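Shown next, in structure tokens, is the structure this report addresses.
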Amino acid sequence: METTLANIVNIPVDDPIAFTFFTGYMAMLAASVFFFAERGQVNGKWKLSMLVSALITGIAAVHYYYMRDYYLATGETPTALRYIDWTLTVPLMCVEFYLLTKAAGATTSLLWKLILASVWMLVTGYIGEAFSDGSSGHSVLWGVLSTVGYAYVLYTAWLGEVAQLAKKSGDPAVVKGIRALAWFVLVGWAIYPIGYMCMPGGWLNTGLGWDSANIDLFYNIADAINKIGFGLVVYGIAVSSQAKTVTA
Ligand SMILES: *C/C=C(C)/C=C/C=C(C)/C=C/C1=C(C)CCCC1(C)C
């Protein structure tokens, strides 16, 4: 059998995109093991949230494994794999919001609204990215449509049902944790549309002359921040709310 270049893990030292694909993969894998192991240490009511954290980083790790290979073999951005990853993991982040506020009365209708908004955000974003010919009009329209879904999740986390339920929970660990997750949605998630606008033809691309694969630098860094960060916040809630019940 012939050995093709794609069989060899070769990370060019001067390629930051390849580097972030590789380290992103390792970080997601390590985080997954951590969340899964720590799941055994936390109070029963937080175990499912911890498992969801492990699933989010675990699903991402598998996608990073394939995305890294795809990028190394083709030099192109793995758009389809990227969006399959997000379509699985972002709704799971919505599940985290639901699970954390469930004791305070979160309904499955809230969960479905969040999932629908995030899937809308991703399907429209995918159309804007995968079928864009580099002329801005097409991708701007889909980017704007996508932002509607993003705005809905943002609103729900900061002011809407999730924020109100967190307050109602009366658990300071949950109030603080939901606020931290809301910050992730505001700042961490904003990296994605900024990257999107830096693509060829995008509003922020003027004069950058960037290759479209540069988008992966934004997405890889944002994914590490958001997926591992989300999980750590959930872990923090589980641990601090537990410490309270022990001393109470
Ligand atoms: C783990 C993956 C996460 C948290 C992915 C989040 C993705 C977004 C918030 C993407 C948002 C987009 C817009 C708001 C407009 C342009 C198109 C997208 C899909 C990049």
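Ligands are counted one by one from 1 in listed order, and the atoms in each one are counted from 1 as well. Please read all numbers here as calculations on a predicted model, not as lab measurements. Position 1 is the first residue of the sequence, and the numbers go up from there.
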Quiz prompt | Which segment of Phe218 sits under 4.0 Å of ligand 1 when only heavy atoms are counted | solution = neither

Quiz item: Which of the atoms in ligand 1, numbered in the order shown and given with their element, are less than 4.0 Å from a heavy-atom of Thr147?
Solution: 14 (C), 15 (C)

Quiz prompt | Trp86 and Tyr219: CA distance, side-chain angles, deciding distance, ring pair (Phe, Tyr, Trp, His ring centres under 6.0 Å) verdict | solution = CA-CA 11 Å; Trp86 289 353; Tyr219 289 168; 4.8 Å; yes

Quiz item: Going by atom types alone, do Tyr64 and Asp85 pair a side-chain donor with an acceptor below 3.5 Å?
Solution: no

Practice problem: Tell me which part of Trp86 gets within contact of ligand 1: side chain, backbone, both or neither, using heavy atoms under 4.0 Å. | Solution: side chain

Quiz item: Which bit of Phe184 is near ligand 1, meaning a heavy atom under 4.0 Å away: side chain, backbone, both or neither?
Solution: neither

Quiz prompt | Location of contacts on Met93 toward ligand 1, heavy atoms closer than 4.0 Å | solution = side chain

Quiz item: At the 4.0 Å heavy-atom cut-off, does Phe230 count as touching ligand 1?
Solution: no

Practice problem: May I have the step-by-step check of side-chain hydrogen bond (donor to acceptor under 3.5 Å, both in side chains) for Glu96 and Ser53, ending in yes or no? | Solution: CA-CA 8 Å; Glu96 296 280 36; Ser53 294; 2.8 Å; yes

Quiz item: Salt bridge between Arg82 and Glu129, side-chain N to carboxylate O under 4.0 Å?
Solution: no

Quiz item: Aromatic rings Phe21 and Tyr71: how do their planes relate, parallel, tilted or perpendicular, breaks at 30° and 60°?
Solution: tilted

Quiz item: What residue and atom, counting heavy atoms only, is the protein's closest point to atom 13 (C) of ligand 1, and at what distance?
Solution: Ser146 OG, 3.3 Å

Quiz prompt | Residue portion contacting ligand 1 (non-hydrogen atoms closer than 4.0 Å) for Asp85 | solution = neither

Practice problem: For atom 10 (C) of ligand 1, grab the closest protein heavy atom and report residue, atom and distance to one decimal in Å. | Solution: Tyr192 CB, 3.5 Å

Quiz item: Honestly, is Arg68 close enough over Tyr70, meaning NZ or CZ under 6.0 Å from the six-membered ring centre and within 45° of the axis?
Solution: no

